[in-house]
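Given the structure is predicted, the values throughout are model-derived calculations rather than measurements.
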Amino acid sequence: MNEKTYDVGLVNTAWCPGCGNHSILNIMKQTLLELKIKPGNLVVVSGIGQAAKIPQYFKTNYFNGLHGRALPPATAIKISNPNLTVIAESGDGDMYGEGGNHFIHAIRRNPDITNIVHNNMVYGLTKGQASPTSEYGFRTPIQINGVVSEPFNPISTAIALDASFVARAFSGDIKKTKSILKKAIQHKGYAIVDIFQPCVTFNKINTFDWFKENTYYLDDSYNSTDRIEAFKKSIQNDKLPLGVFYVNKNKKTFEQNLKLHQQNNKPLFKNIVKFDKILKLISLGT
Amino acid sequence: MNEKTYDVGLVNTAWCPGCGNHSILNIMKQTLLELKIKPGNLVVVSGIGQAAKIPQYFKTNYFNGLHGRALPPATAIKISNPNLTVIAESGDGDMYGEGGNHFIHAIRRNPDITNIVHNNMVYGLTKGQASPTSEYGFRTPIQINGVVSEPFNPISTAIALDASFVARAFSGDIKKTKSILKKAIQHKGYAIVDIFQPCVTFNKINTFDWFKENTYYLDDSYNSTDRIEAFKKSIQNDKLPLGVFYVNKNKKTFEQNLKLHQQNNKPLFKNIVKFDKILKLISLGT
Amino acid sequence: MDDISIVLCGEAGQGIQTVEKLFTKIVKKAGFNVFSTKEYMSRVRGGSNSTQIRISSKPVSAYIDRIDILIPLSDESLEHVKKRISKKTLIIGEDKYIKNSKTNNKIEIPITQLAKSIGNIIYSNTIAVGLLSSICGINKKILNNTIEEYFINKKKELVKNNIKAANKGYENCLEQINKDKIKTIISPPNKKNDNIILNGVETIGLGALAGGCNFISSYPMSPSTGLLTFLSKHSKEFNIIAEQAEDEISAINMVLGAWYVGARGMVTTSGGGYALMTEGVSLAGMIESPVVIHLGQRPAPATGLPTRTEQGDLEHAIYSSHGEFPKIIFAPGTLEDGFYLTQKAFNLADKYQIPVYILTDQYFIDSFYDIPKLDIKNINNINHFIKTDKDYKRYKITKNGISPRGIPGYGNGLVCIDSDEHDEEGRITENSDIRIKMVNKRLKKLSEIKKEIIPPELYGEKDYKILVIGWGSTYHIIREAIENISRKDIAFLYFKQVYPLHNETINYLNKAEKTIIVENNATSQFSKLIRQQTGYEIKNKILQYDGSPFSVETIIKEIQKMRES
Amino acid sequence: MDDISIVLCGEAGQGIQTVEKLFTKIVKKAGFNVFSTKEYMSRVRGGSNSTQIRISSKPVSAYIDRIDILIPLSDESLEHVKKRISKKTLIIGEDKYIKNSKTNNKIEIPITQLAKSIGNIIYSNTIAVGLLSSICGINKKILNNTIEEYFINKKKELVKNNIKAANKGYENCLEQINKDKIKTIISPPNKKNDNIILNGVETIGLGALAGGCNFISSYPMSPSTGLLTFLSKHSKEFNIIAEQAEDEISAINMVLGAWYVGARGMVTTSGGGYALMTEGVSLAGMIESPVVIHLGQRPAPATGLPTRTEQGDLEHAIYSSHGEFPKIIFAPGTLEDGFYLTQKAFNLADKYQIPVYILTDQYFIDSFYDIPKLDIKNINNINHFIKTDKDYKRYKITKNGISPRGIPGYGNGLVCIDSDEHDEEGRITENSDIRIKMVNKRLKKLSEIKKEIIPPELYGEKDYKILVIGWGSTYHIIREAIENISRKDIAFLYFKQVYPLHNETINYLNKAEKTIIVENNATSQFSKLIRQQTGYEIKNKILQYDGSPFSVETIIKEIQKMRES
Ligand SMILES: Cc1ncc(C[n+]2csc(CCOP(=O)(O)OP(=O)(O)O)c2C)c(N)n1
Ligand SMILES: Cc1ncc(C[n+]2csc(CCOP(=O)(O)OP(=O)(O)O)c2C)c(N)n1
Ligand code: SF4
Ligand code: SF4
Ligand SMILES: [Mg+2]
Ligand SMILES: [Mg+2]
């Protein structure tokens with residue numbers, strides 16, 4: 001593996017110049033490289049949106065599925081072949097809007113996957129409607145009087161659901177975000193990393209500078225195993241904390257819970273049909 | 001209005017003898033009577049399941065829609081005619097499983113509706129599969145090794161989403177549940193009441209006695225406006241608290257936020273088409 | 001008589017199913033052929049449900065209206081089946097349930113009292129089994145042995161009491177027979193019956209196992225849940241992942257994820273759940289993923305009649321989903337077809353990288369009968385995925401439209417799939433030349449698929465004048481009706497593959513002077529498909545859409561009417 | 001020439017849309033008729049998009065391949081439209097963008113440099129408007145006035161600079177004209193054009209307003225989002241609730257809730273979103289709720305080509321959803337039809353208590369042209385809900401199948417609706433007689449609906465030998481092609497209601513010696529429908545499925561080919 005391992009040659013991304021997605025792509029490649037994950041061993045599952053295009057731009061197996069539906073295939077991929085590293089990555093609209101139900105239930109299952117959300121607080125690809133995370137008052141051609149719904153808080157929700165790893169990052173901070181992503185990927189179990197990402201075209205409120213000014217990092221003394229403390233931090237919104245909010249190491253992963261994988265991690269594609277047992281079943285009748 | 005106001009004559013409910021649904025029906029009728037809500041002014045929206053059959057058994061307008069989809073019509077009904085009292089009522093599978101995404105987003109909108117969930121921790125109508133609230137280890141013909149997913153905690157989730165009223169009750173306690181329901185219905189804004197309900201046929205674990213033994217009421221000193229405290233209580237699971245966990249009175253309702261209803265609560269059906277304005281728009285062309 | 005129809009009628013939760021299971025085992029052991037089917041309300045307790053058990057010395061496998069023996073087990077029972085009661089119907093049961101019957105052809109047996117005398121009214125069911133056995137002239141030894149086997153994992157006490165109960169029922173009835181109040185109206189044939197008894201859902205489940213199914217993700221929905229239960233039950237033995245999804249959308253997207261890494265996955269659902277899956281089906285079309293869909297039909301629209309039967313989702317299955325891509329739809333009409341077609345479905349899905357449907361319905365799913373042991377000797381599963389090399393391209397343009405399917409983690413290539421239109425490598429493109437190539441490639445698979453369409457099967461006279469057309473679960477019903485009519489000019493054309501249609505279809509139709517379609521729906525969806533594909537209009541339609549299956553009698557009557565008109 | 005085609009080509013985000021909007025206004029003011037349409041990639045910045053603006057002294061409203069004037073605005077522009085460039089195409093633009101063109105027919109104008117000289121490259125767009133105006137011989141006053149109007153709400157400085165820019169473009173081009181390098185190839189007609197300019201989505205939006213729409217809940221999805229935007233924009237003025245739902249499932253269920261209490265609601269979506277709504281559509285069928293569905297088609301399966309055009313969802317719209325119930329599907333081909341049919345849709349949905357579809361596509365939605373002012377004098381809205389009395393029964397069995405629709409909170413009755421099969425009061429039932437009555441009742445509405453099907457319209461010669469059949473957005477394209485071919489033996493049959501089919505259809509078809517269908521899809525879904533309904537097989541098919549609309553030239557060419565064969 002070398003610096004080029006993840007490059008796909010010349011790519012003309014579909015992203016705007018200055019968009020936070022570029023730096024997330026960059027961070028992703030560095031993270032994977034430093035973790036020495038082989039492209040062939042990695043599957044990135046995404047939905048539809050600007051963020052969701054990310055696997056097209058680096059070397060990896062990918063399943064670029066339907067809008068809102070990254071988590072179900074990601075979960076199935078992991079349990080069908082636990083040897084693969086699985087990342088589910090998409091936008092805020094994708095994961096928390098269309099895909100909200102899968103978000104809840106993926107957390108409940110706790111498969112060992114990393115869920116990365118490019119949170120630009122807007123629908124980018126469809127040109128600037130509010131997303132679930134858009135702030136109160138955010139005006140768009142549809143929310144003409146500004147958003148009136150409580151912004152979705154993925155961090156507090158994930159903690160409420162006792163997700164096993166919950167973090168927030170900022171696309172503008174390569175070093176720190178990389179370190180958070182590394183922890184998330186190395187964590188055994190479901191890990192959500194919500195990444196603040198400026199959309200320079202459709203979100204003129206939550207800009208790079210806005211994120212800079214309105215965030216701070218949880219400090220070293222912060223104890224990420226305390227769920228109540230984590231919740232307290234998660235609902236703080238004068239300034240938005242960044243970092244790892246919560247880790248629950250006591251949970252088994254979904255695949256560990258499956259009887260199938262308790263002996264070994266044999267992928268399903270190696271299954272051999274047991275015709276003798278079928279014959280026995282048939283002979284039994286009902 | 002009198003004791004018979006809500007009766008629909010002889011009904012042969014589809015429920016098993018001993019099922020907690022009977023007493024919820026009873027509580028509902030009493031609550032509505034005591035609150036002097038007229039059947040004609042009430043709309044009960046439900047999904048599909050044993051719980052969801054409830055509006056069939058008392059006098060009310062009802063919209064007995066699709067499995068998992070009670071909240072979207074309930075929200076629309078309320079904002080299209082704010083003069084109606086709107087209750088969305090269904091089972092745990094319906095509201096937290098199939099309907100999970102609507103649960104999140106209805107809370108975010110905060111329409112003035114009451115969301116009542118008969119939580120029997122099982123799928124009753126389809127004969128005994130695990131529901132999102134089934135406990136770890138709960139065995140069914142599908143979960144043959146017992147449930148391995150984290151049980152969905154509607155209370156902590158609703159608090160994380162800053163729902164404006166969050167309560168839990170028990171079908172076995174008519175008086176207290178009635179009082180909780182009254183508060184919920186009178187609350188201006190979205191109110192969730194998760195009601196523990198024994199399913200005598202398919203849930204042999206979480207029985208009437210089990211609920212009796214494993215619950216207690218939040219006491220009078222409890223401050224339901226403290227979100228952190230509420231969260232703390234919500235994740236307690238040695239014994240499960242009953243009562244009103246959390247109230248946020250600072251929120252405007254969805255219909256209040258709509259420009260349309262800021263002057264008056266004129267229902268949409270009274271709208272008159274403004275042909276003059278259409279003509280003007282047409283004349284403008286693009 | 002060598003074919004009797006017994007009907008048990010009672011409330012949900014009374015345990016009629018135990019009688020059904022136990023008694024069918026007993027009669028089969030006694031050498032009879034047996035068929036049983038049930039209709040039941042969408043509720044857990046109460047209401048009125050009924051189960052028909054046909055016993056015969058030759059194979060039986062269709063629903064009939066006729067009731068030879070009725071055992072009412074609740075106040076509403078007589079009312080519930082009143083249209084089917086004739087003068088010849090013998091009614092057996094407790095006084096309170098039979099007293100309202102106007103016929104004299106009835107026998108009182110104090111079932112509950114007998115049960116209580118053994119210690120618990122739950123023994124009523126076994127008493128019923130006993131008395132039925134006695135009417136059917138079944139050897140007591142067979143009765144006792146089967147009960148012992150059936151309760152093998154239960155406590156000794158319970159086994160003993162059940163045997164006692166069965167014998168009480170048996171004796172009590174025998175007494176009546178001896179008194180000449182009733183006759184043993186049927187006797188066991190002098191043969192051994194080595195058949196197995198299965199119902200529709202088990203046969204689909206076994207077919208799935210034989211097709212290498214190792215992943216199922218679904219959301220419970222009548223009447224399709226049984227398949228999820230079946231595969232869950234056998235999940236340990238067969239290394240299957242059986243997951244209950246949070247909703248149907250998740251279910252199908254999970255299954256596509258599973259196929260992506262080389263598992264063999266399926267979903268099971270019914271109309272409303274399938275509606276939610278249709279976007280996922282379109283995804284399968286675009287990413288060219290195999291997927292097997294078991295769609296157990298029930299009456300709609302919307303929630304409809306959740307536990308009843310209909311063939312109303314044929315068009316839904318064919319045309320749902322946005323965009324144009326090939327699929328295959330099987331509609332088994334026999335238990336054997338259920339097994340072999342499901343097994344085949346996995347291999348065709350894998351071969352052509354398309355959705356393949358098993359279209360059943362509540363009637364098919366819930367009907368039992370005995371069939372010879374399924375033969376699995378010649379069954380072949382081929383995994384069509386390949387080991388990738390470094391330059392692997394998932395959507396390589398090939399002559400027949402099929403690109404070799406790689407899976408991540410097997411080989412040196414990368415497997416990139418995309419729900420957008422994509423190039424050979426699986427990357428998004430908006431290039432119109434590539435778009436055209438990709439559409440053509442996907443549709444080209446249809447020509448290959450057409451080469452192996454299962455032809456319709458003709459039963460009855462080759463030189464027919466009247467041709468009756470049916471598909472799926474009506475098979476045995478129509479067949480028995482045709483056999484009953486037994487005239488030289490009539491034949492029955494059975495479709496087990498309903499989409500795409502076989503080319504021979506039009507020739508069969510053209511040969512007939514009169515064609516009659518039989519469908520369990522209100523708009524005759526299959527005849528619309530036939531006309532769309534062949535131009536041929538079937539004018540005579542026997543349609544039923546009240547939630548119940550056709551009876552053999554109805555088909556006979558309707559055909560007779562039409563042949564005269 | 002009295003019809004020129006101008007094409008601007010550049011990247012997303014460059015502001016070609018401003019040029020389109022501004023310039024079409026100007027030319028219309030100058031008395032021209034104008035048509036414009038665009039094709040663009042599914043991305044926010046970069047890539048290659050193009051907009052065609054046709055200017056003529058007679059009405060124009062169809063896409064053509066021909067480019068008379070090309071303005072490339074990016075490096076890739078020439079490559080992007082290369083197939084459409086002919087020797088006659090005049091290419092105007094900056095040196096760097098036109099230099100690779102092999103033709104001599106090109107003029108360099110240093111647009112960016114001119115813009116910079118005014119202070120900002122954003123003025124490039126207005127410069128382009130200026131130079132185009134000059135080529136079209138447009139009076140400078142009109143140019144200046146329109147710019148002033150267009151930027152009316154902007155800062156003075158900006159208005160001034162834009163006028164300056166337009167003039168720079170104008171003069172610069174005029175200079176070239178004077179040098180005889182280019183000719184004013186078209187001149188404004190001597191007439192006033194009082195038409196209005198609209199695009200497809202606005203016309204649907206206006207139709208919705210005129211139909212009394214006061215509720216829309218939808219989830220953004222190209223190309224359908226514009227309708228949600230339109231109704232949001234006008235929500236205050238018209239007391240509309242316009243809600244962005246969390247997903248499409250919520251959207252349609254909300255709209256059904258809104259109708260339930262007497263609002264008039266609609267959804268707007270595209271294929272994938274619609275797939276998710278199909279369970280809700282089935283609910284509408286069962287509870288007999290009105291609902292209006294705008295389905296803006298785009299190429300599929302799955303995500304497909306999100307910003308491009310196709311007519312691939314006809315079958316999806318007709319047959320999606322489980323169960324059997326009536327619906328109506330309109331497919332407007334003209335802006336006027338878009339308006340009137342949408343208005344009508346609300347009234348028919350309300351009258352028959354069924355789903356009514358407006359089936360459009362990206363091409364229809366994004367195309368502008370000028371039309372006479374829409375006439376709303378004769379428009380009538382009837383609210384079909386009633387005030388209930390105490391004994392009100394929502395599903396009263398009536399002769400024509402339509403039960404008077406009550407709404408909660410209006411009258412003394414209760415309004416009870418149920419997704420299960422229900423009795424007249426709306427309570428769950430499994431009674432098979434009631435089931436049959438209710439199915440019949442729902443389907444009976446179809447007979448009423450059939451009485452007012454909008455017949456297909458014939459254009460061209462009444463005594464045709466060749467009949468071209470089209471539906472929806474291809475209307476103007478086919479019509480212009482037919483007019484161009486201008487032979488006595490050809491006619492065009494246009495369907496704006498595609499479902500149910502009008503009875504006259506078969507007569508039109510039978511009269512022809514040759515029939516040719518034109519569809520923007522790969523499997524010819526409409527001809528399949530025609531065959532299914534009439535038995536008639538249309539053998540000649542002009543199909544296109546690369547995501548682009550037909551051009552007039554393609555239709556002409558293909559028809560010529562077929563008439564010869
Ligand atoms: C079922 C369905 N509904 C809607 C869409 C249209 N759509 C594509 S991307 C998108 C939202 C994008 O927002 P987000 O997920 O936040 O991603 P971003 O573009 O902001 O990165 C929508 C609504 C779709 N493709 N499929
Ligand atoms: C789309 C869809 N999927 C599945 C079903 C089948 N179904 C009906 S009720 C139900 C679950 C019932 O559980 P719950 O909501 O907890 O209600 P309960 O019966 O326990 O009161 C299911 C899965 C359905 N009707 N529609
Ligand atoms: S629209 Fe926003 S999110 Fe999308 S690429 Fe541009 S800046 Fe990034
Ligand atoms: S199955 Fe359970 S929830 Fe349903 S009625 Fe019976 S006891 Fe109640
Ligand atoms: Mg976003
Ligand atoms: Mg439940």
Closest heavy-atom pair and its distance - Lys53(B), Ser42(C): NZ-O, 3.1 Å

Top of Ala130(B), Pro17(B), Ser149(B) for chain C proximity - count of heavy-atom pairs under 4.5 angstrom: Ala130(B)

Heavy-atom side-chain proximity of Trp15(B) to Val44(C) below 4.5 angstrom: no

Considering all heavy atoms, the nearest Ser232(C)-Pro141(B) contact: CB-O, 3.6 Å

Gln30(B) atom CD, neighbour heavy-atom count above 12 within 6.0 Å: yes

Interface moiety of Phe202(B) toward chain C, non-hydrogen atoms closer than 4.5 Å: side chain

Enclosure of Ile121(C) CD1 (heavy-atom neighbours >12, cutoff 6.0 Å): no

When Asn145(B), Thr140(B), Leu66(B) are compared by non-hydrogen pairs under 4.5 Å with chain C, the top option: Asn145(B)

Nearest-0.5 Å distance that lies between atom NZ in Lys233(C) and atom CD1 in Ile144(B): 10.5 Å

Residues in residues 238-246 of chain C that sit under 4.5 Å from chain B, counting heavy atoms only: Gln244(C), Glu246(C)

Region of Thr13(B) in contact with chain C, defined by heavy-atom distances below 4.5 Å: backbone

For Arg45(C) against Cys16(B), the heavy-atom pair lying closest together: CG-SG, 3.1 Å

Spacing of OG1 belonging to Thr303(C) relative to CG belonging to Asn64(B), to within rounding of 0.5 Å: 7.5 Å

Between OH on residue Tyr219(C) and CD1 on residue Ile142(B), distance to nearest 0.5 Å: 11.0 Å

Heavy-atom check, side chain of His67(B) versus side chain of Met221(C), under 4.5 Å: no

Spacing of Glu98(B) atom CD and Leu276(C) atom CG [to the nearest 0.5 Å]: 5.5 Å

Segment of Ser250(C) engaging chain B (4.5 angstrom heavy-atom cut-off): neither

